[in-house]
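FYI, side chains are in, hydrogens and waters are out, and symmetry mates aren't considered; it's all heavy atoms of this structure. Fair warning: this is a prediction, and the values are worked out from it, not measured in the lab.
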Amino acid sequence: MVLIAIGELLKTKREVKTDLGNLILIIGFVIFFLSYPVWASGDKQDKNRINNTKKSKKIHDIGKIEVSAKGNRQGVSLTPSENIIDLNKFEITGTAQNITDIVTKLPVFDFRGKTDLVPDDDTVYMRGFSSKRFSTSIDGMTIRKTGGRKSSHIVDYALLPPWMFESIEVKPGPHFAAYPGKSIGGVLNLISKTPEKYESLKPDINFGVSYGSYNTLNNNMNLSCGAGNFIYDFGYQKYHTDGYLRHTKADIDMFFSRIGYILPSDGYITLSVSYTDADRETTVYNDPD
């Protein structure tokens with residue numbers, strides 16, 4: 001009896017395994033037939049993609065294309081990684097008091113001062129970054145500080161009149177190893193005027209006078225001359241405005257002088273000195289008395 005029971009049990013296990021194997025086989029056939037249209041569609045799409053790729057490699061002659069639209073602003077040369085502003089060709093309404101009046105005309109810069117009539121420190125943002133997060137330099141040398149609070153690297157743009165420079169380089173992006181790590185927004189590099197030889201002692205003198213609303217007066221005078229390879233420059237700027245906000249009157253006097261020597265190899269050595277006397281009122285003056 002025991003042997004018969006064991007035989008029946010083994011028979012039962014074999015039947016269960018056989019039934020289970022048949023069930024798995026049936027499920028496999030069902031999945032195959034249901035997914036076959038999808039595979040066929042995928043193969044068809046792959047074939048169409050290959051055919052389209054072969055067709056796209058054909059060269060089609062579309063004829064001559066002419067661009068009649070005007071270029072960028074005169075004096076500005078744009079490239080994907082750099083903007084070069086030629087100050088001798090740059091056109092601006094009125095007389096620029098400082099470089100802020102020029103660079104804020106570019107989309108990469110914006111002005112965030114209290115009033116554009118009163119030049120102040122830390123009023124220019126490059127790509128959304130303040131002057132603590134982008135570098136301003138002169139001839140590749142970073143300006144560490146020209147004004148503002150004691151521990152900050154803040155540039156007072158009122159001290160940088162345009163007639164001191166011949167061009168401005170705008171280098172967006174934090175990928176310039178020659179500048180400090182704070183240059184996350186990029187670099188604003190000011191190129192000073194290149195000294196030129198003078199055939200005579202007659203100086204070149206330029207005057208600029210402008211008057212605007214709110215009693216805004218901007219006077220500029222710069223003089224350049226030389227004797228042989230020796231050169232010298234002198235500049236003076238007087239800026240005054242009553243401001244269109246309360247307590248925004250400003251008086252700024254700026255002096256600039258440079259002497260230098262032009263080397264035989266077309267290089268040069270210069271020494272520049274500047275002095276500024278700026279009196280700017282606070283926009284809001286709270287007097288408890």
Side-chain angles (χ1 to χ4, degrees), residues 70-79 81-131 133-143 146-147 154-173 179 183 185-194 206-213 216-222 224 233 235-241 250 252 254 256 258 272 274 276 278 280:
K70 294 183 178 180
N72 295 293
R73 185 184 296 107
Q74 185 178 6
V76 181
S77 176
L78 301 178
T79 64
S81 61
E82 187 174 19
N83 302 333
I84 300 177
I85 304 174
D86 186 350
L87 297 182
N88 294 322
K89 299 179 181 179
F90 191 85
E91 296 180 356
I92 185 172
T93 303
T95 302
Q97 193 277 333
N98 57 76
I99 64 166
T100 301
D101 297 333
I102 295 176
V103 298
T104 50
K105 300 297 185 293
L106 300 177
V108 73
F109 288 97
D110 63 290
F111 178 81
R112 299 192 184 183
K114 303 178 184 69
T115 163
D116 57 357
L117 289 178
V118 181
D120 205 347
D121 50 62
D122 201 23
T123 55
V124 177
Y125 280 57
M126 183 177 184
R127 303 172 67 238
F129 296 94
S130 70
S131 59
R133 293 295 179 266
F134 78 90
S135 296
T136 302
S137 63
I138 297 179
D139 297 329
M141 301 294 292
T142 304
I143 300 176
T146 61
I154 297 178
V155 177
D156 190 344
Y157 296 99
L159 314 184
L160 302 173
W163 42 262
M164 291 173 54
F165 311 101
E166 66 180 20
S167 63
I168 299 174
E169 293 179 340
V170 181
K171 303 178 179 181
Y179 296 93
S183 308
V187 177
L188 173 63
N189 185 35
L190 309 174
I191 307 299
S192 57
K193 287 186 176 180
T194 303
N206 296 310
F207 290 95
V209 179
S210 66
Y211 181 82
S213 56
T216 301
L217 181 66
N218 188 17
N219 297 329
N220 290 274
M221 187 274 291
N222 55 82
S224 299
D233 300 295
Y236 170 72
Q237 182 183 69
K238 171 66 177 179
Y239 183 81
H240 168 84
T241 182
I252 301 175
M254 196 274 180
F256 169 80
R258 179 177 69 165
S272 301
S274 64
T276 301
R280 291 171 282 208

Could you state the interatomic distance from [atom1] ([X]) to [atom2] ([Y]), rounded to the nearest 0.5 Å?
X	Y	atom1	atom2	answer
S183	M126	OG	CE	9.0 Å
F109	T104	CZ	OG1	9.0 Å
I191	I85	CD1	CD1	11.5 Å
S135	I143	OG	CD1	10.0 Å
I84	K171	CD1	NZ	8.5 Å
Y125	D110	OH	CG	8.5 Å

Do [X] and [Y] come within less than 4.5 Å of each other through their side chains, counting heavy atoms only?
X	Y	result
I99	V124	no
N222	D233	no
L160	I138	yes

field: Full working for side chain to side chain contact (heavy atoms under 4.5 Å, CB included) between Y239 and T216
entry: CA-CA 8 Å; Y239 183 81; T216 301; 3.6 Å; yes

Hey, does the side chain of R127 reach the backbone of G185 with a donor-acceptor pair shorter than 3.5 angstrom?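 Answer holds: yes.
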
Notebook entry, point to check: For P161 and M254, which heavy atoms make the closest approach, and how far apart are they?
Noted result: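 Heavy atoms of P161 and M254 come nearest at CD-CE, 3.8 Å.
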
**Asked** Which heavy atom in D86 sits nearest to a heavy atom in E166, and how many Å separate them?
**Response**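 So the two residues come closest at OD1-O, 3.5 Å.
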
**Message:** Just by distance, no angles: are the side chains of W163 and N220 close enough, under 3.5 Å, to form a donor-acceptor pair?
**Reply:**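 A pair is found: one side chain offers a donor N or O, the other an acceptor, under 3.5 Å apart.
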
Hydrogens and angles aside, do S137 and N189 bring a side-chain donor and acceptor to less than 3.5 Å of each other?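 A donor-acceptor contact under 3.5 Å links the two side chains.
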
